[in-house]
J.: 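This is the structure I have questions about; it appears just below.
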Amino acid sequence: MMKRCAWVTEEPLYIDYHDLEWGKPLYDDQRLFEMLCLEGAQAGLSWWTILQRREGYRRAFADFDPAKIVQFDEDTVQALMQNEEIIRNQLKIRSVLTNARAYLKILESGQSFSDYIWQFVDHQQVVNHWDKPGEVPATTEISTQMSKQLKKDGFKFVGPTICYAYMQAVGMVNDHLTTCDCYEACIQK
C-alpha cells in the first residue's frame with residue numbers, strides 16, 4: 001500500500017491530486033496563474049472544497065486564460081456570482097480579474113510568469129525533510145517576501161499562508177513527508 005502525506009483522504013480526487021500534482025515542479029505560465037487563483041479562492045476554506053470545484057472554475061474563468069479574463073465585464077462578474085460551480089464570493093471573483101491584469105503586466109515587462117514566480121526560490125526547488133505533519137510550517141520568510149511582492153505588483157488574495165500553500169502545490173517547495181512515497185519523485189532533478 002502506498003504511503004502518503006497525512007492530509008490525504010481516501011477520496012480518489014484527493015489521492016490523484018496528491019500523487020500526480022502536489023509538490024511537482026510546475027513551470028507552465030497559465031497553470032501557475034490558475035493555481036495562484038485557486039489558492040486565493042481557498043482562503044478561509046479547505047483545499048478539498050476548491051479541488052472539487054476546479055473544473056467549474058476552469059469553465060467559469062475561460063480555463064484561466066488571463067487575456068480572456070481581462071475582457072470580463074460587470075455582467076460577467078454578476079453572472080459568476082450566480083454560478084454554483086464556484087465559490088460565489090464577490091471579492092474572490094473580482095480578485096481573479098485583478099490578478100489577470102497583474103499577470104499580463106508581468107508578461108508585458110518581458111518576463112514569463114514562471115520566471116517571475118520561481119525567482120522567489122532562486123529558480124531552485126526548496127527540498128524540506130519533514131518527518132511529521134506538525135513540522136510543516138504554514139508560512140516562511142520566503143512566502144512572506146513573495147506575498148509582499150505579489151501585492152506590490154497588484155495581485156490579490158496572496159497573503160503569506162496562501163503563498164506558502166501555493167509554493168507547496170506548484171513544487172517550489174517539496175513538503176511531502178519523508179515517509180511519503182511521493183517525496184523522492186517530486187524532487188526537482
Side-chain angles (χ1 to χ4, degrees), residues 1-61 63-64 83-89 92-93 95-96 99 113-114 117-118 120-121 123-144 146-147 150 155 157-189:
M1 186 168 150
M2 187 166 174
K3 294 178 194 165
R4 293 185 174 89
C5 295
W7 54 265
V8 181
T9 68
E10 293 300 315
E11 294 285 345
L13 183 61
Y14 224 23
I15 290 170
D16 284 349
Y17 174 70
H18 171 270
D19 293 358
L20 304 175
E21 290 183 62
W22 193 78
K24 292 192 177 185
L26 179 63
Y27 301 100
D28 179 87
D29 280 4
Q30 197 165 317
R31 291 297 156 228
L32 286 165
F33 174 73
E34 172 185 341
M35 288 304 294
L36 186 66
C37 293
L38 291 175
E39 289 292 349
Q42 181 206 340
L45 304 169
S46 71
W47 178 245
W48 177 242
T49 300
I50 302 304
L51 187 60
Q52 293 175 93
R53 291 170 174 78
R54 181 160 58 171
E55 291 307 318
Y57 271 96
R58 286 175 174 162
R59 284 187 291 276
F61 289 101
D63 200 29
F64 289 95
N83 187 336
E84 294 181 5
E85 291 189 309
I86 64 172
I87 302 301
R88 294 174 289 172
N89 175 303
K92 290 179 180 182
I93 289 169
S95 76
V96 176
N99 291 350
F113 192 64
S114 179
I117 286 297
W118 278 87
F120 296 103
V121 291
H123 303 277
Q124 186 65 43
Q125 181 187 51
V126 175
V127 180
N128 290 314
H129 308 283
W130 313 121
D131 297 321
K132 299 176 188 137
E135 296 174 327
V136 182
T139 64
T140 63
E141 188 177 314
I142 294 172
S143 75
T144 300
M146 181 181 188
S147 170
L150 285 168
F155 291 88
F157 281 92
V158 288
T161 303
I162 290 170
C163 283
Y164 195 68
Y166 175 71
M167 292 169 68
Q168 292 171 311
V170 302
M172 294 170 68
V173 173
N174 182 353
D175 269 353
H176 283 282
L177 298 179
T178 55
T179 55
C180 176
D181 287 343
C182 293
Y183 177 75
E184 289 291 332
C186 284
I187 294 176
Q188 184 180 46
K189 304 289 187 223

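Along the sequence shown, residues are numbered consecutively beginning with 1.
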J.: Compare every heavy atom of I86 with every heavy atom of A60, then report the nearest pair and how far apart it is.
T.: CB-CG2, 3.9 Å
J.: With E55, which residues qualify under side chain to side chain contact (heavy atoms under 4.5 Å, CB included), at least two apart?
T.: R58, R59
J.: Return the minimal non-hydrogen interatomic distance between C186 and G23, and the atom names on each side.
T.: CB-O, 3.5 Å
J.: Shortest non-hydrogen contact from S143 to P160?
T.: OG-O, 3.1 Å
J.: Please determine which of F155, Y166, F64 meets the side chain to side chain contact (heavy atoms under 4.5 Å, CB included) test together with C37.
T.: F64
J.: At their closest point, which heavy atom of Q30 faces which heavy atom of D63, and how far apart are they?
T.: NE2-O, 2.9 Å
J.: Hey, could you give me the OG/CZ distance between S114 and R31, rounded to the nearest 0.5 Å?
T.: 14.0 Å
J.: Nearest 0.5 Å, what's the SG-CH2 distance between C180 and W130?
T.: 15.5 Å
J.: Begin from the C-alpha positions of L26 and E34 and carry the test side chain to side chain contact (heavy atoms under 4.5 Å, CB included) through to its verdict.
T.: CA-CA 11 Å; L26 179 63; E34 172 185 341; over 6 Å; no
J.: Let me check something: any side-chain donor-acceptor pairs from residues 4-15 under 3.5 Å, sequence neighbours excluded? List them with distances.
T.:
from	atom 1	to	atom 2	distance (Å)
R4	NE	D19	OD1	2.9
R4	NE	D19	OD2	3.1
R4	NH2	D19	OD2	2.7
T9	OG1	E11	N	3.2

J.: Out of curiosity, F61 CZ to N99 CG, how far, rounded to the nearest 0.5 Å?
T.: 10.0 Å
J.: Given side chains that start at C-beta, do those of I50 and Y57 come closer than 4.5 Å, heavy atoms only?
T.: yes
J.: Measure the shortest side-chain to side-chain distance between M2 and C182 over non-hydrogen atoms and say whether it is less than 4.5 angstrom.
T.: yes
J.: Would you mind reporting whether E135 and H129 have side-chain heavy atoms less than 4.5 Å apart?
T.: no
J.: Which value, rounded to the nearest 0.5 Å, describes the distance between W47 atom CH2 and Q52 atom CD?
T.: 11.5 Å
J.: Is it true that a side-chain atom of D29 and a backbone atom of F113 form a donor plus acceptor pair closer than 3.5 Å?
T.: yes
J.: Donor-acceptor pair, distance only, cut-off 3.5 Å: does the side chain of R53 make one with the backbone of T49?
T.: yes
J.: Quick one: are M35 and R54 in side-chain contact, heavy atoms under 4.5 Å?
T.: yes
J.: Nearest 0.5 Å please: distance from the CG atom of N174 over to the CD atom of Q125.
T.: 5.0 Å
J.: Within this structure, what is the CZ-CG distance for the pair F157 and N89, rounded to the nearest 0.5 Å?
T.: 5.5 Å
J.: Can you name the closest pair of heavy atoms from C163 and V158 and give their distance?
T.: SG-O, 3.4 Å
J.: Judged by atom type as modelled, is there a donor-acceptor pair below 3.5 Å linking the side chain of H18 to the main-chain atoms of H176?
T.: no
J.: Nearest heavy-atom pair of K92 and Q42: which atoms, and what distance?
T.: NZ-C, 4.2 Å
J.: Could you check whether any side-chain heavy atom of P133 comes within less than 4.5 Å of a side-chain heavy atom of L177, counting everything from C-beta outward?
T.: yes
